[in-house]
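Here the structure is laid out as structure tokens; the discussion comes afterwards.
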Amino acid sequence: MIINLVNREEGTITNSYVSGTEVAGRRPGDVIPLRGSLNEEIMSTRKSVLIQTEDPGNWPGVSLHS
């Protein structure tokens, strides 16, 4: 689970809390681009997204760990 802070002006996401399996580039304090991210999709559509563990779909930045 990750809790993010979005900075629309800079077009970035900062990971403020991370729990679970460690993933490189997704540690607390890491800053990633907003553009093309799942966060951007959720913000623009205002809809939730369900990701099945078998297929992350069109989200290459989504890392699934069992």
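The figures that follow rest on heavy atoms only: side chains count, while hydrogens, waters and symmetry mates do not.
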Gap between atom CG of Asn15 and atom CG of Asp30 - 0.5 Å precision: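 Nearest 0.5 Å value for the CG-CG distance: 6.0 Å.
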
Out of curiosity, Ile13 CD1 to Arg8 CZ, how far, rounded to the nearest 0.5 Å?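 These two atoms lie 11.5 Å from each other.
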
Of all residues at least two apart in sequence or in a different chain, which pass the side-chain contact (heavy atoms from CB on, under 4.5 Å) check with Arg46? none

Sequence-distant partners of Leu5, side-chain contact (heavy atoms from CB on, under 4.5 Å), two or more places apart: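 With neighbours one apart ignored, the set is Ser16.
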
Picking from Ile32, Val18, Asn4, what satisfies side-chain contact (heavy atoms from CB on, under 4.5 Å) with Arg26? Ile32

Side-chain heavy-atom pair Val6, Leu34 within 4.5 angstrom cut-off: yes

Is it true that Arg27 and Glu22 have a side-chain N and a carboxylate O under 4.0 angstrom from each other? yes

